Each structure stands twice: as structure tokens, then as C-alpha cells.
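A short write-up of the structure that comes next.
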There are 2 protein chains.
Amino acid sequence: MVKSLDKKDEDWPDHVGWRLSQANSAWRAAFVEAMRAAGHGWMTDARASLLGHVGRRGTPQSVLIERMGISKQAVQQLIDGLEGEGVLRRMSDPRDKRARIVAHTQKGRSALQEANRIKLELEERYRNLLGPEGLAALKSALAALASSANDDIRGDREG
Amino acid sequence: MVKSLDKKDEDWPDHVGWRLSQANSAWRAAFVEAMRAAGHGWMTDARASLLGHVGRRGTPQSVLIERMGISKQAVQQLIDGLEGEGVLRRMSDPRDKRARIVAHTQKGRSALQEANRIKLELEERYRNLLGPEGLAALKSALAALASSANDDIRGDREG
DNA sequence: CCTTATTCGTCAAGATACTTGACTATATAA
DNA sequence: TTATATAGTCAAGTATCTTGACGAATAAGG
């Protein structure tokens, strides 16, 4: 059997949070699996979310830190790993000798292309499942929730 | 400053996966923060997802493993931690001397109540943001995505 | 009853993704 | 110049997960 969900269990989670979590891990798993199948065996969730913020012409490490919302050390470690894999490289910023610009290597650029392709495919698959309006509605609902949380939770880091 | 998202950046993630991830972490952060504010300082994401599967009258460890979709050792470690916090306790199953029933302690029951209250509050907040139909549509869309992934990714454990 | 396999749980060790604290080098402000 | 803030690194520790190996109880087959 696939799972024994059909049994009349005493309780099974059913709130938005749980569904959000399920859908999120489904997407992540699908993405990482597809990347790995495409030969990018070094891909993981955390690395994907970092890579998603590195622009084509490189991005300052400080900007990555700001965008990702995790500690600078965590970001650094992620970059270290990706640098070790030959996906990213660090360049120095001519205008600020402290700063480092993180950019894709050749390998990184091809991974980026692959990643974009896969994201489009997944988006397409979701569009087929939900219909174009359904997908659009989903995305706008998700955006609304995320931004409301930002407003509401206050006490962000750097506050 | 709160964040500098408004700048016209070269690229900023915008696919479903990213929004899913944002909304998901918003929910998780809100839940955990509310629990901690309510005095349950031991709460974490992973613990919350385990506790969501422990029924009021106790649940066999093997069932938790099956439901959570992670390794039995991971589940065990989570239970160990919660047992150490005095939230859960393990009882032996009279009908199977190998098995262990995981149940809430007194402290666990009060946390459970609090958690349910918070989940309802969050759901309510989301309902206000999206409207009743919007929330319902969101939930059903999420469910569709999660179950389609299950079909597609196959190779579940327990095969 | 007596093997043999299966299932339930534990112990141990290791990987990944984070955290905080301490510190260097550079830049900026007073 | 001196103080302070910012960019990044190094080191150590925590949380969550993994695989492998194992003991103990149950189930299946003779």
C-alpha cells in the first residue's frame, strides 16, 4: 500500500501549515531530484536557495546574506561548499577591499540553465494540475501570506 | 531598514517553489514563535511536525515513523528529545513487547492545547487575509500539488 | 517445539545546515 | 586621528537527518 491515510485515524494534521509544508517539500524534492538526474549531483535544498539569489553578473556576498535571512556564517559555508564543487567562485570587489563578489563559474552557468529549465517544467506541471488561473491564484495567495508574516512577526533580525 | 526588496534587482526568484518556501517558513516561524511566547520554549519545527502526529491516546512509534516519512532513527531522536523535555513519554505495548506507545505527558497535553489554539488563530488570520473561499482554494491547491508529487516521485520507503 | 525471517526499537557514527562568539581588515564618521 | 561600523573568516557547538549494525520479540514454516 502507498500509505494508510484512508483509515479513520483519531487525528491527522489538516491545517494550512501542514499542507504548506507538504507542498513545499514536494516541490523541493522534485527540483533536487531533477537536478541530480541531470547530472548535478551536488545539488541540495539549501544550495538551491542560495544559488537562486546569485545573479548572472555576480552578487556581493553581503547581499546574499541580506536576502537569505540566515547568518552570514551559514551563507559563507554554503558558498564554501559550492566553491569547492566548482559551481561558484569568489572575486574581490575593486571598490571595497573587504567585499567579495560571488559569481557562477562555467559549471555554475550550465547548472543555472538547467535549473531554470527544471523550474519552468515544474511550473508547467503545476499549471496543468491547477489550471492557469489556479496557479496564478495560488501564487498570489502565497505571496500575500509571506508578506503579511513579514509585517506581523516583527522582531526580524537586524532590527 | 527592513529589507531592500524594492530595488530593481537583476533577478529575484519568483517561481512557485520559492513562494511555497517563503509562505511555508512564514507559517512555521509564526507557529514556533507563538508557542515560545506561550512558554513552550522547547518547540521547534521538527518537534512540531512530530507532535502533530501523536494522538491524544498515544500512538505507536512505528506509526509515527510511517506517517512522518523520515527514518526511524530520526523519529526516535525527536522522541528522545521531547521525552527529555518532559513533553512525551514512552509506554510499552502490552500486546507486543517490542513496541512502544508514545503519549503526551501532562505538560504535553497542555502544549497540545496551546498548539491547537495557535493553529486555529493562524488559520483564522489567513482566512482574513484571503477570504474563506481563498483559503479553501489555497488548501485544495496545496493538497493537489502534494498528492501529485506522491504519485510522481514514487519509490516511497516501505516499498 | 524449532528454525528462520520479519518487525520494533536502540546504539553509534557521520553528514548537512544552521547557530553564536571571537577576530581581522577595511571603510566611514567624528 | 580615533572611534565605530561593516565585510568576511575561523572555530566550535546544536539540531536534524542519514546509514549501518545490532538485540529482542513476533510470525511463519516445518
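Only a predicted model underlies this, so the values are computations on that prediction, with no experimental measurement involved. In what follows, chains are A, B, ... by sequence order, proteins preceding strands, each numbered from 1.
- Looking at heavy-atom distances under 4.0 Å, B:Asp45 makes no contact with the nucleic acid at all.
- Out of D:dT9, D:dT16, C:dC8, the shortest distance to the side chain of A:Arg100 is found at D:dT9.
- As a whole-Å value, the separation of B:Trp42 CH2 from D:dT16 C1' is 17 Å.
- With C:dA17, D:dT16, D:dA24 as the choices, the nucleotide that has an atom nearest any side-chain atom of B:Arg98 turns out to be D:dA24.
- Between B:Met91 and B:Arg89, the shortest heavy-atom distance links the atoms SD-NH1, 3.4 Å.
- For B:Gln73, counting side-chain heavy atoms from C-beta on, the closest listed nucleotide (D:dT16, D:dT18, D:dG8) is D:dT18.
- With the nearest nucleotide of DNA chain C identified for both A:Asp96 and B:Pro60, B:Pro60 has the one nearer the 5' end.
- No hydrogens or angles considered: nothing links the side chains of A:Gln22 and A:Arg19 as a donor-acceptor pair under 3.5 Å.
- If you measure from atom CG of A:Leu64 to atom P of C:dC18, you get 14 Å, rounded to the nearest angstrom.
- Of the residues near DNA chain D, B:Pro94 and A:Ile101, the one whose nearest nucleotide (by heavy atom distance) lies more toward the 5' end is A:Ile101.
- Atom CG in B:Leu78 sits about 14 Å away from atom C1' in D:dT18, given to the nearest Å.
- To the nearest angstrom, P of C:dA25 lies 24 Å from CZ of A:Arg95.
- In the hydrophobic clustering of ILVMFWY residues, with side-chain heavy atoms under 4.5 Å counting as a link, A:Leu78 and A:Ile101 come out apart.
- Taking only side-chain atoms of A:Lys97, from C-beta outward, the nucleotide of D:dT9, C:dC18, C:dA27 with the closest atom is C:dA27.
- Put simply, B:Arg47 has no side-chain N or O that comes within less than 4.0 Å of OP1 or OP2 on D:dA15.
- One interatomic measurement links the two molecules: CE of A:Met91 to P of D:dA7, which rounds to 17 Å at whole-angstrom precision.
- The CD1-C1' distance, from B:Ile79 to C:dC8, rounds to 12 Å in whole Å.
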Give the C-alpha distance, both sets of side-chain angles, the deciding distance and a yes or no for salt bridge (Lys or Arg N to Asp or Glu O under 4.0 Å) between A:Arg125 and A:Glu121.
CA-CA 6 Å; A:Arg125 195 166 99 190; A:Glu121 278 183 19; over 6 Å; no
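- Under 4.0 angstrom from either OP1 or OP2 of C:dT20 there lies no side-chain N or O belonging to A:Ser71.
- Atom CD of A:Gln77 is separated from atom C1' of D:dT9 by 10 Å (rounded to the nearest Å).
- A close approach under 4.0 Å does occur between a side-chain nitrogen or oxygen of A:Arg90 and OP1 or OP2 of D:dT9.
- Within 4.0 Å of B:Gln61, counting heavy atoms only, lie sugar-phosphate atoms of the nucleic acid but no base atom.
- B:Ala74 comes within 4.0 angstrom of a nucleotide base, judged by non-hydrogen atoms across all strands.
- In terms of phosphate contacts, B:Thr44 brings a side-chain nitrogen or oxygen within less than 4.0 Å of OP1 or OP2 of D:dT16.
- Between atom CZ of residue A:Arg98 and atom OG of residue A:Ser92 there is a gap of 13.5 Å, rounded to the nearest 0.5 Å.
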